[in-house]
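Side chains are part of it too, since the values below use all heavy atoms of this structure and drop only hydrogens, waters and symmetry mates.
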Amino acid sequence: MKVVGRIVLVVVLILIVGLIWAGNYFYNYAVVPSEKDFLANDTPGTDIVETDEIANWYSDENHRERWQLTSDDGLKLSAIYLPAEKDTGKTAILAHGYMGNAETMGEYAKMYHDFGYNVLVPDARGHGKSEGDYIGFGWHERKDYLQWIDQVLATNGDDETITLYGLSMGAATVMMVSGEELPKNVVSIIEDCGYATVNGELQFQLKELFNLPSFPLIPVTSLVTKVRAGYFFGEADATKQLAKNTRPMLFIHGDADDFVPFSMLDTVYEATDAPKEKWVVEGAGHAKAYSKNKEAYQAKVKQFLEKYNGM
């Protein structure tokens, strides 16, 4: 019996060590900012080819500024700020996708700038010029965006109206921001192809990329993430935040999305009782609704902003 007990103990220890190794492997694979082989050359939300005109406009240091702040947990965060051609009292704060950065959002920044908005495009923690050694999938970033909102008001005045826009992980970020206590200045939110929960998105990706079940890998990786980054995946739930939202929201999703499941659109849409609209872009893959039909996309966003922001 003693021999059997020792064998069982060894097997249990091997399983524990194996699970810890797997949890750290998938943490490094998904949560640590780095080049991701599963993204190939097509980082979600950053594959729009800018025209030379927009690329030159967006990179022109003569009309854009670099803003910075220090997060509540001590990270130095950076953002690109583009003042409007004339003061309209309106600012759009944009959130980029997973492993993108502020520099990848030129087309979207130009759209809002053409609408007459000041445009602020932060680098999420761990991306671009912002410090950070982990990705918060929108959960820790939501607090950073509260600080960016405060900085806009401190710079542009207490009467400034603000709209939030997010793409992919950035969309999940602004949905998570929606459940926080926001100043009255935030008058609308637009999300494009954001996931409902981090658990749900990672479970989907684990199946797609590795054909593996979510248990026990997701719970173990979540525990590793709590130890190394300070949050459980289960905390990062856009639907719970949306349940507290009171701002008008526009939900956009391509019905050919194979990165964030199209089914998540209805999940997030139904999660809020605030004024809301839903737009399904036929044939659009992940974060490709804009490139599918730029004129239609701009018109839809402009219509929503006119309705709720008084453009």
Checklist entry - Between Y269 and K276, is there a cation-pi geometry (under 6.0 Å to ring centre, at most 45° from the normal)? => result yes
Next on the checklist: Quick check: do F251 and I190 have side-chain heavy atoms less than 4.5 Å from each other?
Outcome noted: no
Next on the checklist: Are L265 and K278 packed together at the side-chain level, in the sense that at least one heavy-atom pair is separated by less than 4.5 angstrom?
Outcome noted: yes
Next on the checklist: Per the ring-ring contact (aromatic ring centres under 6.0 Å, His included) rule, what does the pair list look like for residues 173-209, sequence neighbours excluded?
Outcome noted: none
Checklist outcome for this item: Closest heavy-atom pair, G97 versus S168, reported as atoms and distance to 0.1 Å, is CA-CB, 4.1 Å
Next on the checklist: Using a 3.5 Å distance criterion without hydrogens, assess whether the side chain of N118 forms a donor-acceptor pair with backbone atoms of K90.
Outcome noted: yes
Item to check | Pairs where residues 247-256 contributes a residue and the test side chain to side chain donor-acceptor pair (under 3.5 Å) is met, not counting sequence neighbours | outcome: H253-D257
Checklist entry - Is there a side-chain contact between L242 and V268, using heavy atoms and a 4.5 Å cut-off? => result yes
Item to check | Pairs touching residues 148-164 that satisfy salt bridge (charged side-chain N to carboxylate O under 4.0 Å, His left out), sequence neighbours left out | outcome: none
Item to check | Shortest non-hydrogen separation from G138 to T173 and the atoms involved | outcome: CA-OG1, 3.2 Å
Next on the checklist: Ignoring hydrogens, what is the shortest heavy-atom contact between S34 and N28? Give both atom names and the distance.
Outcome noted: OG-O, 4.4 Å
Checklist entry - Going hydrophobic residue to hydrophobic residue with side-chain gaps under 4.5 angstrom, can you get from L209 over to L206? => result yes
Checklist entry - According to a 4.5 Å side-chain heavy-atom criterion applied to Ile, Leu, Val, Met, Phe, Trp and Tyr, with indirect links allowed, do V187 and I149 form part of one hydrophobic cluster? => result no
Checklist entry - For atom CD of E61, is the number of surrounding heavy atoms from other residues, nucleotides or ligands below 6.0 Å larger than 12? => result yes
Item to check | Polar side chain donor-acceptor pair, Q151 to Q147, under 3.5 angstrom | outcome: no
Item to check | H63 and H113 aromatic ring geometry - parallel, tilted or perpendicular at 30°/60° bounds | outcome: tilted
Checklist entry - Would you say L77 and V177 are hydrophobically clustered, going by side-chain heavy atoms of ILVMFWY under 4.5 Å? => result yes
Checklist entry - Under 30°, 30 to 60°, or over 60°: which ring-plane class applies to Y108 and Y290, parallel, tilted or perpendicular? => result tilted
Next on the checklist: Between Y81 and W67, is the ring pair (Phe, Tyr, Trp, His ring centres under 6.0 Å) condition met? List the steps.
Outcome noted: CA-CA 7 Å; Y81 179 74; W67 284 16; 4.2 Å; yes
Checklist entry - Can you hop from M169 to M175 via hydrophobic side chains spaced under 4.5 Å? => result no
Next on the checklist: Quick check: F137 with Y98 (ring centres under 6.0 Å apart)?
Outcome noted: yes
Checklist outcome for this item: Nearest heavy-atom approach of P122 to H96 is O-CD2, 3.3 Å
Checklist entry - Given I252 and V281, is the side-chain contact (heavy atoms from CB on, under 4.5 Å) satisfied, shown in steps? => result CA-CA 7 Å; I252 303 171; V281 182; 4.2 Å; yes
Next on the checklist: Is the shortest side-chain heavy-atom distance between V174 and I189 below 4.5 Å?
Outcome noted: yes
Checklist outcome for this item: Minimal heavy-atom distance between G179 and K244, with the atoms involved, is O-CE, 3.5 Å
Next on the checklist: A side-chain contact here means heavy atoms from C-beta on lying under 4.5 Å apart; do E277 and K300 qualify?
Outcome noted: yes
Checklist entry - Judged by modelled atom types alone, do T197 and D237 share a side-chain donor-acceptor pair under 3.5 Å? => result no
Next on the checklist: Between Q241 and M176 (side chain of the first, backbone of the second, donor and acceptor by atom type, cut-off under 3.5 Å), is there such a pair?
Outcome noted: yes
Item to check | Q205 side, atom CD; Y29 side, atom OH - distance, nearest 0.5 Å | outcome: 9.0 Å
Checklist entry - Say you draw a straight line from CG of N24 to CZ of R228; how long is it, rounded to the nearest 0.5 Å? => result 5.0 Å
Next on the checklist: Checking T163 against S188: is there a side-chain donor and acceptor pair closer than 3.5 Å?
Outcome noted: yes
Item to check | Side-chain heavy-atom pair K143, S71 within 4.5 angstrom cut-off | outcome: no
Checklist entry - If we ignore angles and hydrogens, is there a donor and acceptor under 3.5 Å between the side chains of N309 and T161? => result no
Next on the checklist: Between Y117 and L305, is the side-chain contact (heavy atoms from CB on, under 4.5 Å) condition met? List the steps.
Outcome noted: CA-CA 11 Å; Y117 282 72; L305 294 175; 3.9 Å; yes
Item to check | Listed once per pair and sorted, the salt bridge (charged side-chain N to carboxylate O under 4.0 Å, His left out) pairs that draw on residues 112-140, sequence neighbours left out | outcome: R66-D123, D73-R125, K110-D114, R125-D144
Item to check | Check against side-chain contact (heavy atoms from CB on, under 4.5 Å), V119 and T91 | outcome: CA-CA 6 Å; V119 182; T91 296; over 6 Å; no
Checklist entry - For the atom pair CD1 (I93) and CH2 (W148), what is the distance rounded to the nearest 0.5 Å? => result 9.5 Å
Checklist entry - Do the side chains of Y112 and L153 join up, straight or via other hydrophobic residues, at under 4.5 Å, putting them in one cluster? => result no
Checklist entry - Counting only N and O atoms by type, is there a donor-acceptor contact under 3.5 Å from the side chain of H286 to the main-chain atoms of F259? => result no
Checklist entry - Considering only heavy atoms from C-beta outward, does the side chain of Y58 approach that of R64 to under 4.5 Å? => result yes
Checklist entry - Are L94 and L120 close enough, and set up right, to give a side-chain contact (heavy atoms from CB on, under 4.5 Å), and what steps lead you there? => result CA-CA 6 Å; L94 280 51; L120 181 67; over 6 Å; no
Checklist entry - Is the shortest heavy-atom distance from the side chain of D192 to the side chain of Y297 under 4.5 Å? => result yes
Next on the checklist: Angle between ring planes, F210 versus Y25, binned at 30° and 60°: parallel, tilted or perpendicular?
Outcome noted: perpendicular
Item to check | Side-chain donor or acceptor of D60 paired with backbone N/O of N56 under 3.5 Å | outcome: no
Checklist entry - Is the backbone N or O of G126 less than 3.5 Å from a side-chain atom of S130, with the two atoms forming a donor-acceptor pair by type? => result no
Next on the checklist: For residues 168-180, which residue pairs pass the salt bridge (charged side-chain N to carboxylate O under 4.0 Å, His left out) check, not counting sequence neighbours?
Outcome noted: R142-E180
Item to check | Heavy-atom neighbours of E65 CD exceed 12 at 6.0 Å | outcome: yes
Next on the checklist: How long is the straight-line distance from OG1 of T88 back to CG of N156, given to the nearest 0.5 Å?
Outcome noted: 9.5 Å
Item to check | Main-chain N/O of G254 paired to E282 side chain as donor or acceptor, under 3.5 Å | outcome: no
Checklist entry - Just wondering, are more than 12 heavy atoms of other shown residues or ligands nearer than 6.0 Å to NZ in K240? => result no
Checklist entry - Has the side chain of T155 got a donor or acceptor atom that lies under 3.5 Å from a matching backbone atom of V152? => result no
Residues 213-227 side chain polar contacts: donor-acceptor under 3.5 Å, at least two apart:
unit_1: T221; atom_1: OG1; unit_2: L217; atom_2: O; d: 2.7
unit_1: S222; atom_1: OG; unit_2: F233; atom_2: N; d: 3.0
unit_1: T225; atom_1: OG1; unit_2: T221; atom_2: O; d: 2.8

Checklist entry - To the nearest 0.5 Å, what is the distance between CG (N211) and NZ (K207)? => result 4.0 Å
Item to check | Closest non-hydrogen atom pair between G116 and A84, with its separation | outcome: O-CB, 3.6 Å
